[in-house]
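In what follows, residues are counted from 1 in the order of the sequence shown. Quick caveat: nothing in here was measured; it's all calculated off a predicted structure. Only this structure's heavy atoms are used, side chains among them; waters, hydrogens and symmetry mates stay out.
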Amino acid sequence: GEHGVSTTQLAIGLAELKRGRLGPAEDAMRKAVAINPASAESWSGLGNVLTRLKRLTEAEAAFDRAVQLAPNNVEMLTNRAITRRDLGRKNEALEDARRATTMAPNFAPAWSIYGIALADQRQFREAAAALTKMDELGKAAIGDLVNIGDIRAEAGDTDGALKALARAEAIDPRHVGMCLATAKVLGRKGDIGSALGYLERALKEDPTNLHAWSSKGYSLLKLGRLPEAVDALETTVRLGPDFANGWINLGEAQLRSKNLGRAIPALEKAITLVPGAADAHFYLSQAYLAARLPAKSREHAEFLLARQQAQIPAQGIIATSYLLEGDAAAARTAYLKLK
């Protein structure tokens, strides 16, 4: 009867999906739900195909139907959580994921999306615990281990982070995500030389990786290797002209290299991209001061003061800027505030 025809279409759809033939897979899944709209499996199958086609809004609608029809199916709920997160609806994703872990505490994928959703809310310790649970239950793939490393580092567990990342590295030493995450953790620990090695490895695999170039430039800056830092950061902004961090780091590197004519435009560019970037305003106030443009320097220092950021250095810059203008009274007022 109809049920059999629907099941056949579902089977065809799943087979096509496995072979990566998404067009025929979608056709079969649509036939299956048309014949038997009460089949949660068919709606879920359609959702999986639409996810692969990157049509997330339609995928979510399909998973909604599946979850309505089979409210206790943890896999469907987990898939809806993943889709909702990809659509940027993080609270709903978290709620779905939390329900899934409660419903089926031994289903590893639910713990995985739950951990990621918790990390989105900056609840890093809870996120690390959820991902550790996922790791204990399932076979953690390399991407999962990189996530665990990243999130443990955010939770302040450097050793736990490096342990997870070492396991990822044992699976594939050339994995770009593993290299970037390891570099970040090592950099925070202050081991910038080792971090640089991982960034070089990431760039060998993915020569246009923006984050790798930016981190490489920043690492070289911290090591005081200014010409190399400038070089790497110029590459960063060529590859990512809208990546504010690259411009800020380039501005700082040029400022330290005493290239004020290059530092100032880089930092001004960063501020057009992210008007509130405190570090860009801070370096600009220093650069304009060094360029003997006291009024411009003060403008950026006052921006920081108004936002209660970098208050002591900002006051110092304001005092110095008035001295440059020969305004002793204003300088004295700023200096007394500083004291």
Side-chain angles (χ1 to χ4, degrees), residues 85 112 115-132 134-135 140-226 228-237 239-240 242-253 270 273-274 277-280:
R85 178 183 182 262
S112 173
I116 291 164
L118 283 164
D120 287 338
Q121 312 279 357
R122 306 196 65 74
Q123 297 180 36
F124 294 116
R125 295 199 24 206
E126 297 85 344
L131 290 177
T132 300
M134 178 269 301
D135 185 20
I142 189 162
D144 299 318
L145 291 167
V146 171
N147 268 335
I148 292 173
D150 236 344
I151 287 167
R152 280 180 182 167
E154 291 294 345
D157 174 12
T158 307
D159 292 341
L162 289 172
K163 279 199 182 91
L165 291 166
R167 285 170 58 205
E169 186 171 354
I171 297 170
D172 177 8
R174 291 159 50 174
H175 187 275
V176 173
M178 177 279 298
C179 291
L180 289 176
T182 306
K184 190 161 105 185
V185 180
L186 290 170
R188 280 194 190 162
K189 256 183 81 167
D191 185 353
I192 295 168
S194 303
L196 206 49
Y198 279 92
L199 293 168
E200 294 291 8
R201 211 192 291 179
L203 285 168
K204 207 173 157 189
E205 289 305 305
D206 182 4
T208 61
N209 190 298
L210 210 53
H211 293 282
W213 277 109
S214 183
S215 300
K216 178 181 173 175
Y218 188 69
S219 302
L220 290 163
L221 178 60
K222 285 274 165 276
L223 291 169
R225 290 159 59 180
L226 295 174
E228 292 169 85
V230 165
D231 214 34
L233 293 164
E234 280 179 343
T235 304
T236 307
V237 299
L239 291 170
D242 296 332
F243 183 53
N245 235 3
W247 290 105
I248 294 172
N249 290 341
L250 177 58
E252 187 189 354
L273 294 167
V274 183
D279 38 1

How long is the straight-line distance from [atom2] of [Y] back to [atom1] of [X], given to the nearest 0.5 Å?
X	Y	atom1	atom2	value
Asn249	Lys222	CG	NZ	8.5 Å
Met178	Asp172	CE	CG	6.5 Å
Phe124	Asp157	CZ	CG	13.5 Å
Asp206	Leu203	CG	CG	7.5 Å
Asp191	Leu196	CG	CG	10.5 Å
Ile116	Arg85	CD1	CZ	6.0 Å

What closest approach, in Å, do [X] and [Y] show between heavy atoms, and which atom pair accounts for it?
X	Y	result
Thr236	Ser214	OG1-N, 3.4 Å
Ala202	Cys179	CB-CB, 3.8 Å
Leu186	Ser194	CD1-CB, 3.9 Å
Leu221	Ala253	CD1-CA, 3.7 Å
Ala168	Ile142	O-CD1, 3.3 Å
Gly149	Ala161	O-CB, 3.2 Å

Checklist entry - Do Leu145 and His175 pass the side-chain contact (heavy atoms from CB on, under 4.5 Å) test, and can you show the C-alpha distance, the side-chain angles, and the key distance before you say yes or no? => result CA-CA 11 Å; Leu145 291 167; His175 187 275; over 6 Å; no
Checklist entry - Donor-acceptor pair, Arg174 side chain versus Lys204 backbone, under 3.5 Å? => result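 Answer holds: no.
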Next on the checklist: Is it the case that the side chain of Trp213 and the backbone of Pro207 share a donor-acceptor pair, with hydrogens and angles ignored and the cut-off at 3.5 Å?
Outcome noted: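 Looks like yes, one N/O pair under 3.5 Å.
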Could you check if a side-chain atom of [X] sits within less than 4.5 angstrom of a side-chain atom of [Y], using non-hydrogen atoms only?
X	Y	value
Asn209	Val176	yes
Leu131	Asp144	no
Val230	Leu220	no
Leu162	Lys189	yes
Thr235	Leu233	no
Asp150	Lys184	yes

Checklist entry - What do the steps show when you test Arg152 against Val185 for side-chain contact (heavy atoms from CB on, under 4.5 Å), and what is the final call? => result CA-CA 10 Å; Arg152 280 180 182 167; Val185 180; over 6 Å; no
Next on the checklist: Around atom NZ of Lys163, are there more than 12 heavy atoms from other residues, nucleotides or ligands closer than 6.0 Å?
Outcome noted: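 Open: at most 12 neighbouring heavy atoms sit under 6.0 Å from NZ of Lys163.
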Next on the checklist: Could you walk me through whether Leu199 and Leu180 satisfy the side-chain contact (heavy atoms from CB on, under 4.5 Å) test, starting with their C-alpha distance in whole Å, then the side-chain angles of each, then the deciding distance to 0.1 Å, before giving a yes or no?
Outcome noted: CA-CA 6 Å; Leu199 293 168; Leu180 289 176; 3.8 Å; yes
Next on the checklist: Quick one, Arg167 with Asp135, criterion side-chain contact (heavy atoms from CB on, under 4.5 Å). Give me CA distance, side-chain angles, the key distance, then yes/no.
Outcome noted: CA-CA 12 Å; Arg167 285 170 58 205; Asp135 185 20; 2.8 Å; yes
